[in-house]
Amino acid sequence: MSTPDGESRELTMQREKKLRSISELGFELYPRKFDFTHTIPQILSSYSGETAESLAAAKVQVRVAGRVMTIRPHGKAGFAHLQGGGERLQIYVRLDAVGERDFELYKLLDLGDPIGVVGYLFRTRTGELTVHAERLYFLAKALLPMPEKWHGLADVEIRYRQRYLDLMVNADVRRVFERRSKLIRALRGFLEAEGYLEVETPMMQPLAGGAMARPFVTHHNTLDMDLYLRIAPELYLKRLIVGGLDRVYELNRNFRNEGISTQHNPEFTMMEFYQAYADYQDMIELSERLLRHVAQTVLGSLEFDYGDHHISFEKFERFTMKEAVVRFWPQAAGDLTMADLDDIQNLRQRIPALNAWFSSEIGGAPITESFVNQCSPGEVLQAVFEMVAEHHLIQPTFILDFPLEVSPLAKQKPDDPNFVERFELYVGGMEIANAFSELNDPAEQRNRFRYQQLLREKGDLSAHAIDEDYIRALSYGMPPTGGEGIGIDRLTMLLTNSHSIRDVILFPLLRPEKTSS
RNA sequence: GGGCCGGUAGCUCAAGUGGUAGAGCAUUGCCCUUUUAAGGCAAGGGUUCUGGGUUCGAGUCCCAGCCGGCUCACCA
């Protein structure tokens with residue numbers, strides 16, 4: 001694929017031959033630069049309103065560069081479209097206007113060649129704004145053929161592997177990444193305005209903490225030590241809260257050595273932010289304002305379509321995890337009350353009926369018997385929540401109050417120590433954010449880590465490691481703090497109506513390309 | 001890793017129940033000074049993903065493998 005063979009080799013040889021002919025005409029093959037007066041979007045936005053008459057009177061001179069995307073020769077004249085800045089502008093090249101040498105160049109152009117044009121603007125008989133060329137400049141050769149012009153580039157693998165081709169021919173792909181950039185700028189702008197300081201903390205960590213996931217391992221030669229690519233910046237950001245940076249955020253990559261899916265890429269972008277003297281209720285309020293701000297900035301609206309759904313950021317639902325389970329519990333699995341959820345034996349007995357409903361109605365994998373019997377009440381509750389409620393959470397919904405056992409870094413609820421002050425935000429059936437009142441009692445934190453250590457010894461590779469250095473930091477006194485992480489790729493998916501995370505990551509991880517000999 | 005679907009010209013796709021592998025675009029040559037999926041005439045281009053098997057005969061049927069997509073699981 002990367003090295004052309006067979007027929008495409010022949011195409012390359014044809015184009016190399018043209019390149020030699022272009023050289024023989026006296027053109028420099030890979031010139032250093034091209035001075036332009038306008039970009040293609042500038043010409044389109046400035047002169048699209050002008051009539052043929054006003055253009056003929058003004059005879060606006062332009063120097064403009066772009067990639068040749070269409071060629072329509074007509075004997076001793078011809079048209080082409082140049083593409084730049086995601087837009088296209090037509091040029092008209094005629095022998096008597098550009099001269100023999102430049103017209104020979106026009107005839108040697110291939111789809112994909114970057115060129116420069118000097119000329120004046122006019123409208124063709126069909127009314128299209130066009131550059132009447134007076135000089136052509138050769139800027140580089142496309143030795144490999146462009147994607148097919150009718151169907152564009154459809155092969156999903158090539159779209160991801162050779163994203164530059166995807167960007168060249170699929171205008172909406174370019175718009176997705178422009179919007180992603182705008183989204184990130186809006187997030188930074190919002191947090192800066194709230195008095196947050198952007199920081200950078202280690203990507204390579206001696207312990208992979210701050211989340212429950214399996215890490216990537218690497219090695220430092222001089223120190224002869226293994227390091228982990230971070231699964232989260234969380235524990236470092238809270239060390240900064242201890243240090244008195246009362247509002248910090250980091251917007252960067254995390255790495256998790258887990259499966260790949262439409263919602264998971266091994267490296268993904270997370271924005272985590274921590275605010276001293278706040279709790280998770282404050283983070284809910286902040287999240288609502290933040291999401292409304294970015295939707296308004298990026299889309300100009302609080303409402304948008306996501307697949308078949310119309311989503312609105314006007315209103316955010318709130319349920320505790322237990323409320324959500326009761327609310328969405330399927331009739332097919334019998335009646336369920338809040339009281340039933342407090343009785344783990346009762347809940348366990350209902351799993352078979354729930355599994356039967358799930359496999360027939362939803363088609364997912366059931367909760368296994370060994371999971372139900374081995375795991376803690378909190379883990380069972382979370383599994384049941386994900387099974388019955390998650391796919392209902394299309395409109396923005398905060399799920400509050402998670403079980404203690406699945407939340408080793410969050411503070412307990414004062415009136416119910418089996419649950420913690422934590423929420424996750426769901427939109428479009430996806431988990432978008434995760435936040436809690438940060439646990440700042442070092443003794444309690446050590447107990448939580450010890451519990452995680454037990455899970456680890458039982459073989460749970462994603463259980464949290466004990467981080468004594470972090471406990472030491474907490475022991476200097478961390479103020480009460482609210483913290484949150486927002487999955488930027490998923491938020492981008494929502495705001496661009498993308499249904500695979502690979503469509504919002506320029507170069508998603510792929511299996512290595514098979515080498516052609 | 002499991003399930004489902006797919007792999008035919010450079011690209012997008014066709015080829016009843018097994019019977020000479022085709023089309024459009026792209027490419028090459030010629031004609032054409034306002035076209036835009038420009039047009040006209042002509043030409044070249046294939047180990048049908050790989051390896052076995054069944055058959056007189058396989059793009060088509062069987063087995064194994066490779067690659068990709070979707071989906072489920074782990075996870076955010």
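In what follows, chains are A, B, ... by sequence order, proteins preceding strands, each numbered from 1.
- Rounded to whole Å, the C1' atom of B:G46 lies 11 Å from the corresponding atom of B:G22.
- Relative to the side chain of A:K76, the nucleotides B:U27, B:U33, B:U34 differ in distance, and B:U33 lies closest.
- Within the nucleic acid shown, A:M212 comes within 4.0 Å of sugar-phosphate atoms alone, with no base atom in reach, counting heavy atoms only.
- Nucleotides B:G18 and B:U48 have their C1' atoms positioned 15 Å apart, rounded to a whole Å.
- No more than 12 heavy atoms of other residues, nucleotides or ligands sit less than 6.0 Å from atom CD of A:E200.
- Nearest to the side chain of A:S500, among B:A76, B:C70, B:G10, sits B:C70.
- Across all strands shown, B:A73 remains unpaired; no Watson-Crick or G-U wobble contact has both distances below 3.5 Å.
- Rounded to a whole Å, the CG atom of A:L165 is 12 Å from the P atom of B:U12.
- Nucleotide B:G6 forms a pair with B:C67, judged by Watson-Crick or G-U wobble geometry with both contacts under 3.5 Å.
- A 3.5 Å limit on both hydrogen-bonding distances identifies B:A23 as the Watson-Crick or G-U partner of B:U12.
- Separation of the C1' atoms belonging to B:G1 and B:G57 is 40 Å when rounded to the nearest angstrom.
- The separation of B:C4 from B:G29, taken at their C1' atoms, amounts to 48 Å, rounded to a whole angstrom.
- The phosphate of B:C74 (OP1 or OP2) has no side-chain N or O of A:S261 nearer than 4.0 angstrom.
- A close approach under 4.0 Å does occur between a side-chain nitrogen or oxygen of A:R72 and OP1 or OP2 of B:A38.
- The same atom, P, is picked in B:C62 and in B:A9; the two are 22 Å apart, to the nearest Å.
- Residue A:R490 has its side chain nearest to B:A76 when only B:U35, B:A76, B:G69 are considered.
- A:D489 comes within contact range of no nucleotide atom at all, as no heavy-atom separation falls under 4.0 Å.
- Along RNA chain B, the nucleotide nearest A:E258 and the nucleotide nearest A:R94 are compared for position; the residue whose nucleotide lies closer to the 5' end is A:R94.
- Straight-line distance between the P atoms of B:U60 and B:U54: roughly 15 Å, to the nearest whole Å.
- A donor atom on one side chain and an acceptor atom on the other are found under 3.5 Å apart for A:E484 and A:S287.
- In this structure, B:G6 shows a glycosidic angle more than 90 degrees from zero, which is the anti conformation.
- The partner of B:C41 is B:G29, by the rule that a Watson-Crick or G-U pair needs both atom distances under 3.5 Å.
- Nearest-nucleotide mapping onto RNA chain B: of A:H74 and A:L111, the residue sitting toward the 5' end is A:L111.
- When both pairing distances are held under 3.5 Å, B:C61 makes a Watson-Crick or G-U pair with B:G53.
- Put simply, CG on A:D113 and OH on A:Y106 are 12.5 Å apart, with the number rounded to the nearest 0.5 Å.
- The base of B:U35 lies close enough to the side chain of A:Q90 for a donor and an acceptor atom to sit less than 3.5 Å apart.
- The side chain of A:Q14 approaches B:U28 more closely than any other nucleotide in the set B:C70, B:U34, B:U28.
- For A:F268 and B:A76, the ring-to-base geometry satisfies the stacking test (centroid distance below 5.5 Å, interplanar angle below 30°).
- If you take atom C1' in B:G59 and the same atom in B:A14, they sit 12 Å apart, rounded to whole Å.
- Look at the C1' atom in both B:G16 and B:G53: the space between them is 25 Å, to the nearest Å.
- Atom CD1 in A:I486 sits about 16 Å away from atom P in B:A76, given to the nearest Å.
- Residue A:P145 has its side chain nearest to B:G10 when only B:A76, B:U33, B:G10 are considered.
- Across B:A76, B:G69, B:G10, the shortest atom-to-atom separation from the side chain of A:E431 is found for B:A76.
- Note on A:D460: nothing from the nucleic acid sits closer than 4.0 angstrom, heavy atoms only.
- Residues A:K238 and A:E234 are paired through a salt bridge, judged by an N-O separation under 4.0 Å between the basic side chain and the carboxylate.
- Closest to the side chain of A:T124, from the set B:U27, B:G69, B:U34, is B:U34.
- A salt bridge between A:D96 and A:R94 is present, with a side-chain N of the basic residue lying under 4.0 Å from a carboxylate O of the acidic one.
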Go through the steps for A:F385 and A:Y426 under the test ring pair (Phe, Tyr, Trp, His ring centres under 6.0 Å), then give the verdict. CA-CA 13 Å; A:F385 162 76; A:Y426 287 83; 5.8 Å; yes
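- In terms of polar N and O atoms assigned as donor or acceptor, the side chain of A:R125 never comes within less than 3.5 Å of the base of B:U34 in a complementary pairing.
- With both pairing distances under 3.5 Å, B:G18 is matched to nothing as a Watson-Crick or G-U wobble pair.
- In summary, A:K107 and A:E104 engage in a salt bridge, as defined by a charged side-chain N under 4.0 Å from a carboxylate O.
- More than 12 heavy atoms of other shown residues, nucleotides or ligands fall within 6.0 angstrom of atom CZ in A:F313.
- Backbone-only contact: A:K18 has heavy atoms under 4.0 Å from sugar-phosphate atoms and none from a base.
- Heavy atoms of A:R214 sit nowhere under 4.0 angstrom from any nucleic acid atom.
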